[in-house]
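What follows is a short report on a single structure.
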Amino acid sequence: MFSKPKYRIENVVASVTLDQTLDLNVIASVIPTAEYNPEQFPGLIYRIDRPKTATLIFSSGKMVCTGAKSEKEVYKAVKKIIQELKSHKIVILKEPKIQIQNIVASANLNAEINLEKAAYLLEDAMYEPEQFPGLIYRMEDLGVVLLLFSSGKMVCTGAKKEDDVKTAVNRIYEKLKELGVLYI
């Protein structure tokens with residue numbers, strides 16, 4: 001009896017636009033935890049613990065938030081950063097525009113996969129075990145890439161919505177079951 005696959009979101013990467021320029025020297029001087037070394041990297045690194053994220057802030061007003069475990073956490077992190085900036089008298093003119101760029105998830109199909117047979121039967125699959133031990137499968141309609149391993153473990157990357165991860169995991173599970181390449 002097959003048991004349903006499980007997945008977990010590992011990282012959500014989002015871009016944020018403030019539509020204004022920022023003085024990173026001022027931000028670094030008022031926020032002691034901010035890391036800013038313009039000789040090494042043009043952005044300021046702002047880490048927060050809840051939700052645990054790291055956000056790169058650039059003088060152009062663009063930001064990149066990484067490390068969130070959900071879309072909701074991205075919005076919480078950005079809100080927290082904006083509030084922190086405002087509390088230090090840094091003027092933020094507009095609401096930030098947040099766009100999810102990539103969601104990475106790990107999954108377990110709870111069954112072993114015959115990758116050799118799957119590579120032969122799946123259209124658009126790439127499998128070169130001498131190069132990489134996983135099968136690479138693209139789901140163009142969802143914009144995701146799946147890395148499938150014989151153990152039944154899987155990585156899903158490229159999703160823009162959490163629902164796309166769920167859809168991709170369930171769809172590949174059903175397809176592999178249908179093709180007869182899953183073994184409990």
Side-chain angles (χ1 to χ4, degrees), residues 5-107 124 126 132 134 136-148 153-172:
K6 292 176 177 53
Y7 70 91
R8 184 175 76 199
I9 293 177
E10 303 292 346
N11 187 21
V12 179
V13 178
S15 60
V16 182
T17 307
L18 293 178
D19 278 336
Q20 72 182 76
T21 58
L22 298 169
D23 188 332
L24 299 183
N25 287 310
V26 170
I27 295 171
S29 71
V30 297
I31 298 175
T33 57
E35 300 167 37
Y36 185 48
N37 190 342
E39 297 81 40
Q40 287 194 321
F41 183 72
L44 178 141
I45 303 168
Y46 195 129
R47 296 176 206 278
I48 59 175
D49 288 332
R50 296 180 91 133
K52 191 167 176 51
T53 57
T55 301
L56 303 176
I57 302 175
F58 298 94
S59 58
S60 63
K62 295 205 184 294
M63 301 173 11
V64 178
C65 178
T66 66
K69 301 290 186 195
S70 68
E71 292 176 60
K72 197 183 218 175
E73 280 192 6
V74 167
Y75 286 89
K76 267 189 201 165
V78 171
K79 184 178 181 181
K80 196 171 186 175
I81 291 166
I82 298 300
Q83 285 173 336
E84 184 75 13
L85 293 174
K86 287 179 176 179
S87 77
H88 286 92
K89 307 285 186 266
I90 293 159
V91 178
I92 304 297
L93 302 170
K94 296 179 184 171
E95 282 296 305
K97 290 186 196 118
I98 301 170
Q99 190 172 13
I100 304 298
Q101 296 296 335
N102 185 21
I103 298 175
V104 178
S106 60
D124 301 324
M126 261 180 43
F132 180 70
I136 301 166
Y137 183 68
R138 295 178 192 285
M139 285 188 176
E140 297 291 342
D141 62 326
L142 295 176
V144 302
V145 175
L146 305 176
L147 306 177
L148 300 156
K153 300 280 197 285
M154 184 175 97
V155 175
C156 174
T157 185
K160 303 280 194 240
K161 298 189 302 252
E162 289 177 34
D163 280 351
D164 290 347
V165 172
K166 184 179 181 180
T167 301
V169 170
N170 289 327
R171 198 190 292 168
I172 195 66

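Atom CG of Leu44 and atom CD1 of Ile27 lie 6.0 Å apart (nearest 0.5 Å). Distance CD/Glu71 to CD1/Ile9: 7.0 Å, rounded to 0.5 Å. Taken from CD in Gln99 to SG in Cys65, the straight-line distance is 14.0 Å, to the nearest 0.5 Å. The distance from the CG atom of Leu56 to the CD atom of Glu35 is 10.0 Å, given to the nearest 0.5 Å. The NZ atom of Lys161 sits 9.5 Å away from the CD1 atom of Ile103 when rounded to the nearest 0.5 Å. Rounded to the nearest 0.5 angstrom, Met154 CE and Ser106 OG are separated by 9.0 Å.
Salt bridge absent: Lys80 and Asp49 never bring a charged side-chain N and a carboxylate O closer than 4.0 Å. Ion pairing of Arg8 with Glu10 is present here, as a side-chain N (NZ or NE/NH1/NH2) and a carboxylate O approach within less than 4.0 Å. For Glu73 and Lys52, the salt-bridge test fails: no basic side-chain N is under 4.0 Å from an acidic carboxylate O.
Pairing each heavy atom of Pro96 with each of Ile82, the nearest pair is CG-CG1, 4.1 Å. Shortest non-hydrogen contact noted between Tyr36 and Ala28 is CB-CB, 3.8 Å. When all heavy atoms of Ala14 and Val74 are compared, the closest pair comes out as CB-CG1, 3.6 Å. Contact detail for Thr53 and Ala68: the closest heavy-atom pair is CG2-N, 3.7 Å. What you find for Met139 and Ala168 is that their closest heavy atoms are CE-O, 3.6 Å. Shown here for Leu22 and Gln20, the closest heavy-atom pair between the two residues is CD2-NE2, 3.7 Å.
Using a 4.5 Å heavy-atom threshold, the side chains of Ile57 and Leu18 count as separate. By the 4.5 Å heavy-atom criterion applied to side chains, Thr55 and Thr66 are not counted as neighbours. Side-chain contact check for Leu24 versus Pro38: every heavy-atom pair is 4.5 Å or farther apart. In this structure, Lys62 and Ser15 have side chains that are not in contact, with every pair of non-hydrogen atoms separated by 4.5 Å or more. Using a 4.5 Å heavy-atom cutoff, the side chains of Ile136 and Leu146 are not in contact. Contact of the Tyr137 side chain with the Ile172 side chain is registered, since non-hydrogen atoms from C-beta on lie closer than 4.5 Å. Contact of the Val165 side chain with the Val144 side chain is not registered, since no non-hydrogen atoms from C-beta on lie closer than 4.5 Å.
When the shell of 6.0 Å around CZ of Arg171 is examined, it contains more than 12 heavy atoms from other residues, nucleotides or ligands. Within 6.0 Å of atom NZ in Lys166, 12 or fewer heavy atoms from other residues, nucleotides or ligands are found, so the atom counts as exposed in its surroundings. Counting non-hydrogen atoms of neighbouring residues, nucleotides and ligands closer than 6.0 angstrom, the NZ atom of Lys160 exceeds 12 such neighbours.
Between the side chain of Ser87 and the backbone N or O of Glu84, at least one donor-acceptor pair lies under 3.5 Å.
Considering Asn102, Ile100, Val104 in turn, Ile100 is the only one that fulfils the side-chain contact (heavy atoms from CB on, under 4.5 Å) rule with Val12.
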| message | Please evaluate residues Ile31 and Leu85 with respect to the criterion side-chain contact (heavy atoms from CB on, under 4.5 Å), reporting the C-alpha separation (whole Å), side-chain torsions for both, the decisive distance (0.1 Å), and the verdict. | response | CA-CA 8 Å; Ile31 298 175; Leu85 293 174; 3.7 Å; yes
